[in-house]
Amino acid sequence: MLVRGYAAHSSTSPLAPFGFERRTPGAHDVQIAIDYCGICHSDIHTARNDWQNAIYPCVPGHEIVGTVMATGPAVTRFTVGDRVGVGCFVGSCRQCDRCTRDLESYCLKGPVLTYGSLEPGSTTPTHGGYSSGIVVDEHFVLRIPATLDPAAAAPLLCAGITTWSPLRHVGLSPGDSLAIVGFGGLGHMAVKLGVSLGAEVTVISRSERKAADALRMGAHDVVAVSGARSLARHADRFDVVLDTVSAVHDIDALLGCLKADGTMVLVGAPPATLDLSPFTLILRRRRLMGSLVGGLRETREMLDHCGAHGITSDIEHVNPDGINAAWDRVVSGDVRYRFVIDCRKF
Ligand code: NAP
Ligand code: ZN
Ligand code: ZN
């Protein structure tokens, strides 16, 4: 099946129109016409080879919402016309210790990423949602709650689950003090989800520019930081710190904001190593952990929660020919708060 999309052909070239073939749907496959795809900072890290793992041409996009156009004969969960979503992975071994515990993003054989992996048993790269259509095994296809706006629901497939999963894993409870570091795509979803779980949420951002938006989304406080010293006042304040920052920054100062026995979760994935002092952890028995997206069971739980609470992303629509300009705005921190591509226009 021929589809149209946008691809990066090198780490420095802008995205350009690109036509390519999707596989013919197999027995378990769902063929999806993509309506919307969010722009995640990971798309940019990948295409610019920040993580040194890019495969070109690279068609990014893992916040996909679309409509089922056809189903293979063995498909049982979806029918033509269903509104569906695809997130960060489209395959996993389904047998390892992680997969059998609904932790597919941590598949020990490596999840098949929606873009930037190889199709299992082949040398063809997987291509993502900056395109008009995709073919995915129904096991990895999600149902989008009918009550949610489909464009604004697209970012739930990465930004939503990536922040939901660690908040649930650390057992965030009503009344806990939660700091969200970086108020972009992931950060604004983390605020909404943290507030909906009853936490006292503080946004830590580089300036006051977005403070009114953070408060509107339910944050209780906003801290503007311009360096490590400005965080010293907030030492020993938070039960949980969720760090979504996309660039190299001072995590030691942020760790110092945790209470004793508090947990800091890194989900932001800067392209270089980060420094910390062992004593910042040792002296308060603080924990530092990372988290990668979330499994399918947890994603369904998050989508149900968002459906029940009316939670979606704050989005700006963008047409395919505006993707490069949107990327520049994401990199400069000028995103309010997720760009979503109208993929019907590819
Ligand atoms: P985004 O919308 O660009 O948000 C990142 C935020 O980080 C910005 O809004 C900004 O917040 C802050 N920031 C940027 N540069 C900074 C700097 N030099 N110093 C301090 N703060 C800075 O990006 P996103 O889509 O939310 O993604 C965030 C990160 O998470 C990326 O690295 C992405 O690859 C990663 N990610 C990880 C996973 C996972 O599974 N772990 C999943 C998705 C994305 P302020 O303007 O408020 O300061
Ligand atoms: Zn993402
Ligand atoms: Zn596995």
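In each ligand, atom 1 is the first atom listed, and ligand 1 is the first ligand listed. By convention here, the first residue in the shown sequence is residue 1. All of these numbers come straight from a predicted model, not from anything done at the bench.
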Asker: Which of the listed options, R329, R206, R338, K210, holds the heavy atom that is closest to atom 10 (C) of ligand 1?
Answerer: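 Among R329, R206, R338, K210, the closest heavy atom to atom 10 (C) of ligand 1 belongs to R206.
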Asker: Please list, in number order, the atoms of ligand 1 under 4.0 Å from a heavy atom of H41.
Answerer: 1 (P), 3 (O), 23 (O), 24 (P), 25 (O), 27 (O), 31 (C)
Asker: Are D342 and R344 ion-paired here, with the side-chain N under 4.0 Å from a carboxylate O?
Answerer: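 Yes.
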Asker: Identify whether the distance between the nearest side-chain nitrogen and carboxylate oxygen of R94 and E104 falls below 4.0 Å.
Answerer: no
Asker: How are the rings of F20 and F18 set relative to one another: parallel (under 30°), tilted (30 to 60°) or perpendicular (over 60°)?
Answerer: parallel
Asker: I'd like to know if R286 pairs up with D236 as an ion pair, taking the criterion as any Lys NZ or Arg NE/NH1/NH2 lying under 4.0 Å from an Asp or Glu carboxylate oxygen.
Answerer: yes
Asker: Considering only heavy atoms of V330, which atoms of ligand 1 have at least one such atom less than 4.0 Å away?
Answerer: 3 (O)
Asker: Just go through D43, T163, V267, V293 and tell me whose heavy atom is the nearest to atom 40 (O) of ligand 1.
Answerer: V293
Asker: Closest non-hydrogen protein atom to atom 26 (O) of ligand 1, residue and atom name please, with distance?
Answerer: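 Nearest protein contact, heavy atoms only, for atom 26 (O) of ligand 1 is L186 N, 2.8 Å.
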Asker: So, the side chain of S131 versus the backbone of G128: is there a donor-acceptor pair under 3.5 Å, distance only?
Answerer: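 The answer is yes, because a donor-acceptor pair under 3.5 Å joins these two groups.
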Asker: Short N/O distance, under 3.5 Å, between R209 and ligand 1?
Answerer: no
Asker: Atoms of ligand 1 less than 4.0 Å from C158 heavy atoms?
Answerer: 42 (C), 43 (C)
Asker: For ligand 1, indicate whether the residue H45 contacts it via side chain, backbone, both or neither (heavy-atom separation under 4.0 Å).
Answerer: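 It is the side chain that touches ligand 1; the backbone stays farther off.
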Asker: Mark up the atoms of ligand 1 that fall under 4.0 Å of a heavy atom belonging to V245, in ascending order.
Answerer: 7 (O), 13 (N), 16 (C), 20 (C), 21 (N), 22 (C)
Asker: Could you check whether any heavy atom of A269 sits closer than 4.0 Å to an atom of ligand 1, since that is the contact criterion I want to use?
Answerer: yes
Asker: Please indicate whether any nitrogen or oxygen in S205 is less than 3.5 Å from any nitrogen or oxygen in ligand 1.
Answerer: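 N/O-N/O distance below 3.5 Å exists for this pair.
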Asker: Are V68 and F140 connected, step by step, through hydrophobic side chains (Ile, Leu, Val, Met, Phe, Trp, Tyr) whose heavy atoms are closer than 4.5 Å?
Answerer: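 Yes, it is one cluster - the side chains of V68 and F140 are joined through contacts under 4.5 Å.
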Asker: I'd like to check whether L292 has a polar contact with ligand 1, where a contact means an N/O of the residue lying under 3.5 Å from an N/O of the ligand.
Answerer: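 No - when backbone and side-chain N and O of L292 are compared with those of ligand 1, no distance drops under 3.5 Å.
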Asker: Closest non-hydrogen protein atom to atom 2 (O) of ligand 1, residue and atom name please, with distance?
Answerer: G185 N, 2.8 Å
Asker: Applying the side-chain hydrogen bond (donor to acceptor under 3.5 Å, both in side chains) criterion to S313, which one of R338, H188, E63 satisfies it?
Answerer: H188
Asker: For G184, counting its heavy atoms only, list the atoms of ligand 1 lying under 4.0 Å from any of them.
Answerer: 2 (O), 4 (O), 9 (O)
Asker: With sequence neighbours left out, write down each residue that passes salt bridge (charged side-chain N to carboxylate O under 4.0 Å, His left out) with R287, or none if nothing qualifies.
Answerer: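 With sequence neighbours excluded, R287 shows a salt bridge (charged side-chain N to carboxylate O under 4.0 Å, His left out) to no residue whatsoever.
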Asker: Taking only Lys NZ, Arg NE, NH1 and NH2, and the carboxylate oxygens of Asp or Glu, determine whether K192 and D314 approach each other closer than 4.0 Å.
Answerer: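 Here K192 pairs with D314 in a salt bridge, since their nearest N and O are under 4.0 Å apart.
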Asker: Taking both backbone and side-chain atoms of Y337, is any N or O found less than 3.5 Å from an N or O belonging to ligand 1?
Answerer: no
Asker: For ligand 1 and F183, I'd like to know whether there is a polar contact (N/O to N/O, distance under 3.5 Å).
Answerer: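 Yes - when backbone and side-chain N and O of F183 are compared with those of ligand 1, one distance drops under 3.5 Å.
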Asker: Under 4.0 Å from a heavy atom of T244: which atoms of ligand 1 are those, numbered in the order shown and with their elements?
Answerer: 5 (C), 28 (C), 29 (C)
Asker: Looking at K210 and D213, is any side-chain nitrogen of the basic one under 4.0 Å from a carboxylate oxygen of the acidic one?
Answerer: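 No salt bridge links D213 with K210.
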Asker: Restricting to distances shorter than 2.8 Å, give the number of protein N, O or S atoms close to the Zn ion (ligand 2).
Answerer: 3
Asker: Ignoring water, what protein N, O or S atoms are under 2.8 Å from the Zn ion (ligand 3)?
Answerer: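 The answer, once waters are left aside, is C93 SG, C96 SG, C99 SG, C107 SG.
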Asker: Indicate yes or no: does D82 engage R143 in a salt bridge with an N to O separation below 4.0 Å.
Answerer: yes
Asker: Which residue holds the protein heavy atom closest to atom 44 (C) of ligand 1, what is that atom called, and what is the gap in Å?
Answerer: S42 OG, 3.2 Å
Asker: Charged N to carboxylate O below 4.0 Å: is that the case for R101 and D97?
Answerer: yes
Asker: Do the side chains of D221 and R237 get close enough for a salt bridge, i.e. N-O under 4.0 angstrom?
Answerer: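 Looking at R237 together with D221, the answer is yes, because their closest N to O distance falls below 4.0 Å.
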Asker: Which ligand 1 atoms, with their elements, are less than 4.0 angstrom from a heavy-atom of W51?
Answerer: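 Numbered from 1, ligand 1 contributes 34 (O).
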Asker: One pair to check against side-chain hydrogen bond (donor to acceptor under 3.5 Å, both in side chains): D35 and T67. What are the steps and the verdict?
Answerer: CA-CA 7 Å; D35 297 315; T67 308; 2.8 Å; yes
Asker: Can you find a non-hydrogen atom of W327 under 4.0 Å from ligand 1?
Answerer: no
Asker: Indicate if I34 and V3 have the same hydrophobic cluster label, given that clusters are the connected sets of ILVMFWY residues with side-chain heavy-atom separations under 4.5 angstrom.
Answerer: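 Different clusters.
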Asker: Are I32 and V90 linked, directly or through other ILVMFWY residues, by side chains that come within less than 4.5 angstrom of each other?
Answerer: yes
Asker: Name all residues meeting the salt bridge (charged side-chain N to carboxylate O under 4.0 Å, His left out) criterion together with D149; count only those two or more places apart in sequence or in a different chain, and write none if there are none.
Answerer: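 D149 satisfies salt bridge (charged side-chain N to carboxylate O under 4.0 Å, His left out) with no other residue.
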Asker: Would you check, one step at a time, whether the test side chain to side chain contact (heavy atoms under 4.5 Å, CB included) holds for I341 with F346?
Answerer: CA-CA 9 Å; I341 303 163; F346 275 117; 4.0 Å; yes
Asker: Does S246 use its side chain to pair, donor to acceptor, with the backbone of G268 at less than 3.5 Å?
Answerer: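 No; judged by distance alone, with no hydrogens or angles, the pair does not exist.
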Asker: So if I count the atoms of ligand 1 from 1 in the order they appear, which ones are less than 4.0 Å from some heavy atom of A247?
Answerer: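 Those qualifying, in numeric order: 15 (N), 16 (C), 17 (C), 18 (N).
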Asker: I'd like to know if E119 pairs up with R23 as an ion pair, taking the criterion as any Lys NZ or Arg NE/NH1/NH2 lying under 4.0 Å from an Asp or Glu carboxylate oxygen.
Answerer: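 Looking at R23 together with E119, the answer is yes, because their closest N to O distance falls below 4.0 Å.
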Asker: Judging by distance only, is a nitrogen or oxygen of G187 under 3.5 angstrom from one on ligand 1?
Answerer: no
Asker: Considering only non-hydrogen protein atoms, determine which one is nearest to atom 39 (C) of ligand 1 and report residue, atom name and distance to 0.1 Å.
Answerer: T162 CG2, 3.5 Å
Asker: With the threshold set at 4.0 Å, does a side-chain nitrogen-carboxylate oxygen contact exist between E316 and R329?
Answerer: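 Result for this pair is yes, salt bridge flagged.
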